[in-house]
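Have a look at the structure below before the remarks.
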Amino acid sequence: MKFQTALLIFLIGALVSGCRTASSPAAGANGSGQFDPHDLSGTWARFGTREGRGVNQGGAPFPEAGDTGFGRDVPPLTPEGQKMFDAAKPGNGRILNSADAAAHPDEPIGRRRAVAEKLQNDPTGQCTPSGLTRMILTTYFAPMEIIQTKDRVIEHFEWTTDQRTIFTDGRQLPKEPELLRWNGFSVGRWEGDTFIVNSNGFQENTWLDQFGYPHSDQMQLEERYRRLSPDRLELIMTVTDPKVYMKPFVSQRKVFRLLSKEETTIEEGWNDLLDNRCVPSEEFFFNEKIRNPAGGKVFAAK
Amino acid sequence: MTMNRMLIGLIAVGVLAFSLPLPVFAHHGRGDAYDTKNPLTLKATVTQLLYVNPHVQLYFDTKDEKGKVTHWNGEMTDIGQLLRAGWSKKRFTEALKPGTPVTVTIQKSKAPLPPGQGVAVVMKIEDEKGEVVGLVRRGAGGQE
């Protein structure tokens, strides 16, 4: 019993110590413990701390971060939505018809239908932009910086060096936008301590997430951001797209962690996001050397 | 809750926290390209390390018992994950200079390839002292 008590004290100590590391004053944009719930600025991500994942291990999300997909509570698809869903051939997820897929019958089919490389048609494989919801979801491995000014909020994404602007100057969304955008048109407002963002005018040829859930150019997106503490930010998204889904598609709850200055230091004395663009020449080189031969396309003759 | 139950719960939380799989393919999935069920651990010699997007790449040679060489193209994680785990470009490329002997744990591609050539996802690299270089990958990735 003495040993158990000592172990318990040690474990609690370790957990508390881990939490303090994650929310150290250096990590808080507004000092330790104090924060303005209307200030979303900072560099946020959904991957775990270096300390929390141990030496030489990486990328494990912290428990409340949410997963890599949009949501597991998928509404019924319209006939047109079903066609779009069927046309998408993702490489992420459990392999279609595999024992692994069969062992998870409770998961939505979108997460159990990954196909071989040569059958995939993931738009990002050709450096097509991810589209807004999938871009936001990349925070499971790459950070997002929020820049807040008096009339707009800018989200700057490290993966593919993308960004979107949310106008907070009181303007309305365009009623029938003609020039559709990869990341849509966005306006934001505060309701209490929740920052609500509404968007429309999206290009149709992107996926909601890496599992190939579709959307149309009629998609309307609502994002609800809430700063929970100095170093936690919550997001819930809702896609309303009657052309594709019979009911609004509400995302899984996602929680971001505020990264410390140390975690965003990419050169000595220089904290910033990386310049991680999708460059066609780099992508083609990688395809030639690795992705294609691994997917069954043989090496080019030398 | 009794002390024992609390203890078991805390241990379970601890184990879970340290056993979550590394999200392997940050970019897009590979389907069933790699043989995830039969990882290989091989003595190898580094021929080139590219600290680039969309994935860091390790090129290495292995020799079979008859001395026949296989040239491997290996894919790894992305720069951001390596950098934030303390493996800067300088540190990583210096640790894996051409000619460096290493032990690699890989998942080989399932697709047939010409003799003497291989493609793999690199799960772990160990130096001659048995110390891990870079990040350790677990799981097939992309499912979560």
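In what follows, every chain begins at residue 1, and chains take the letters A, B, ... in the order their sequences are listed.
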On a heavy-atom basis, which atom in A:A294 and which in B:A111 lie closest, and how many Å separate them?
O-CB, 3.8 Å

Could you tell me whether A:N271 atom CG has more than 12 heavy atoms of other residues or ligands within 6.0 Å of it?
yes

Top residue by heavy-atom pair count (under 4.5 Å) with chain B, among A:S98, A:S130, A:P143?
A:P143

To the nearest 0.5 Å, tell me how far A:I290 CD1 sits from B:Y59 OH.
4.5 Å

Nearest non-hydrogen partners of A:N276 and B:G80, listed with the distance:
ND2-N, 4.5 Å

Could you check whether A:E262 pairs with B:R84 (Lys NZ or Arg NE/NH1/NH2 to Asp/Glu carboxylate O, under 4.0 Å)?
no

Could you look at A:L119 and say if it's the side chain, the backbone, both or neither that has a heavy atom under 4.5 Å from chain B?
neither

Check whether A:E158 gets within reach of chain B through its side chain, its backbone, both or neither, counting any heavy atom under 4.5 Å.
side chain

Name the region of A:D209, side chain, backbone, both or neither, that has any atom closer than 4.5 Å to a heavy atom of chain B.
neither

When rounded to the nearest 0.5 Å, the distance separating CD of B:E75 from CZ of A:F286 is 4.0 Å

Of the backbone (N, CA, C, O) and the side chain (C-beta and beyond), which part of B:L50 lies under 4.5 Å from a heavy atom of chain A, both, or neither?
side chain

Would you mind checking which part of A:R277 comes under 4.5 Å of any heavy atom in chain B, side chain (CB onward), backbone (N, CA, C, O), both or neither?
backbone

From CD (A:E263) to CG (B:L83), nearest 0.5 Å
11.0 Å

I would like to know whether A:F141 and B:T77 meet side-chain contact (heavy atoms from CB on, under 4.5 Å); could you show each step before the answer?
CA-CA 10 Å; A:F141 70 90; B:T77 187; over 6 Å; no

Could you tell me whether a side-chain N or O of B:N73 sits under 3.5 Å from a main-chain N or O of A:K289, the two making a donor and an acceptor?
yes

Any B:N53 side-chain heavy atom under 4.5 Å of A:V279 side chain
no

